[in-house]
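What's counted below: heavy atoms across the whole structure, side chains too, no hydrogens, waters or symmetry copies. Residue indices begin at 1 and follow the sequence shown. The structure displayed is predicted, hence computed values, not measured ones.
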Amino acid sequence: DLYVSPLLEASLGLPASALTGPELIWRERMHTSDRETYRTALNAYIGRGTVSFVLEFRLQHEDGSYRWFNLRASCLGGADGFAVRCIGVVRDITDRKRSEERLLHDTVHDSLTGLPNRTLLLDRLGRAIARTAPAGRARAALMIIDMDRFKAVNDSLGPVSYTHLRAHETDS
């Protein structure tokens, strides 16, 4: 059976002892994309006996949202070489994960428009070119639209004017 701290349960909006019991209760609270990875890794660590490990996964809050957690655990091996006991510390890393996701998004998107930038375009174009196409079909197509005097418009209006224009568009 699994013991979960009431503090962790409270951080998920759950009553005390809601996750204490069969390990399956804990795993069912995980994001579906993390369950198999968690189960596979845990079984591998248990099979190695005395070992320490780190896992990251998401757990569902009572309100339906997911929070990211980091588990640092150690297993104690028994006479047969398999782990007989595991103990770990779970830490909420949701803010860090959100910052990483935001940084990744900002790396490949324009900060003003939120649209994909040149870096993302070149990456996607490279992938499309490298991808194998079905027989008789082109692998990729690229259409370039050239706007006459766009640089002059961009230089004269600038980003502040774009924001101002966009605000007026949403008002109408």
Side-chain angles (χ1 to χ4, degrees), residues 1-124 126-128 131 159 162-172:
D1 276 0
L2 182 71
Y3 169 77
V4 177
S5 165
L7 291 173
L8 176 60
E9 292 166 325
S11 76
L12 293 169
L14 300 170
S17 300
L19 296 176
T20 297
E23 189 265 342
L24 183 61
I25 296 171
W26 169 262
R27 210 171 342 126
E28 286 176 346
R29 178 79 42 188
M30 277 185 190
H31 191 280
T32 54
S33 299
D34 299 335
R35 288 178 190 165
E36 188 60 28
T37 304
Y38 173 83
R39 189 186 65 76
T40 302
L42 192 60
N43 287 339
Y45 293 127
I46 289 171
R48 290 175 51 197
T50 301
V51 66
S52 294
F53 62 93
V54 177
L55 291 173
E56 290 183 356
F57 50 84
R58 291 161 286 184
L59 292 174
Q60 189 175 32
H61 189 279
E62 190 61 19
D63 68 9
S65 66
Y66 283 90
R67 309 277 308 168
W68 276 98
F69 290 90
N70 171 283
L71 168 64
R72 291 186 176 276
S74 294
C75 295
L76 177 64
D80 59 0
F82 290 94
V84 292
R85 179 177 298 272
C86 291
I87 187 166
V89 176
V90 177
R91 187 172 58 118
D92 188 328
I93 58 168
T94 304
D95 291 338
R96 186 193 88 201
K97 285 290 197 177
R98 285 184 182 150
S99 294
E100 289 171 1
E101 288 170 3
R102 185 74 196 153
L103 184 60
L104 180 60
H105 178 272
D106 291 349
T107 302
V108 293
H109 289 81
D110 178 76
S111 60
L112 177 64
T113 65
L115 295 172
N117 64 16
R118 181 184 305 251
T119 305
L120 186 58
L121 169 69
L122 294 175
D123 174 71
R124 294 302 191 268
R127 289 179 186 206
R131 191 173 36 238
Y162 289 142
T163 306
H164 181 72
L165 289 172
R166 289 180 69 200
H168 287 293
E169 288 173 1
T170 56
D171 291 342
S172 3

So disulfide bond (SG atoms under 2.5 Å apart) across residues 13-69, not counting sequence neighbours, yields none
Sorted by chain and number, sequence neighbours left out, side-chain contact (heavy atoms from CB on, under 4.5 Å) with L24 holds for R27, E28
Residues at least two apart in sequence or cross-chain that pass salt bridge (Lys or Arg N to Asp or Glu O under 4.0 Å) with D110, listed by chain then number, are none
Those residues at least two apart in sequence (or on a different chain) that pass side-chain hydrogen bond (donor to acceptor under 3.5 Å, both in side chains) with R118 are none
Quick note, disulfide bond (SG atoms under 2.5 Å apart) partners involving residues 14-83, not counting sequence neighbours, are C75-C86
The ring pair (Phe, Tyr, Trp, His ring centres under 6.0 Å) partners of H61 (sequence neighbours excluded) come to none
In short, disulfide bond (SG atoms under 2.5 Å apart) pairs touching residues 4-46 with sequence neighbours left out are none
Distance-only donor-acceptor pairs under 3.5 Å for side chains of residues 46-54, two or more places apart:
from	atom 1	to	atom 2	distance (Å)
T50	OG1	G77	N	2.8
S52	OG	S74	OG	2.9

Residues pairing under ring pair (Phe, Tyr, Trp, His ring centres under 6.0 Å) where one sits in residues 64-86, two or more places apart or in two chains, turn out to be H31-Y66
Sequence neighbours excluded, the answer for side-chain hydrogen bond (donor to acceptor under 3.5 Å, both in side chains) partners of T40 is E36
Across all chains, not counting sequence neighbours, the side-chain hydrogen bond (donor to acceptor under 3.5 Å, both in side chains) partners of D123 are R127
Check: Under 3.5 Å, side chain of N117 to main-chain N/O of L120, donor-acceptor pair present?
Finding: yes
Residue set satisfying side-chain hydrogen bond (donor to acceptor under 3.5 Å, both in side chains) with Y45, at least two apart, ordered chain then number -> none
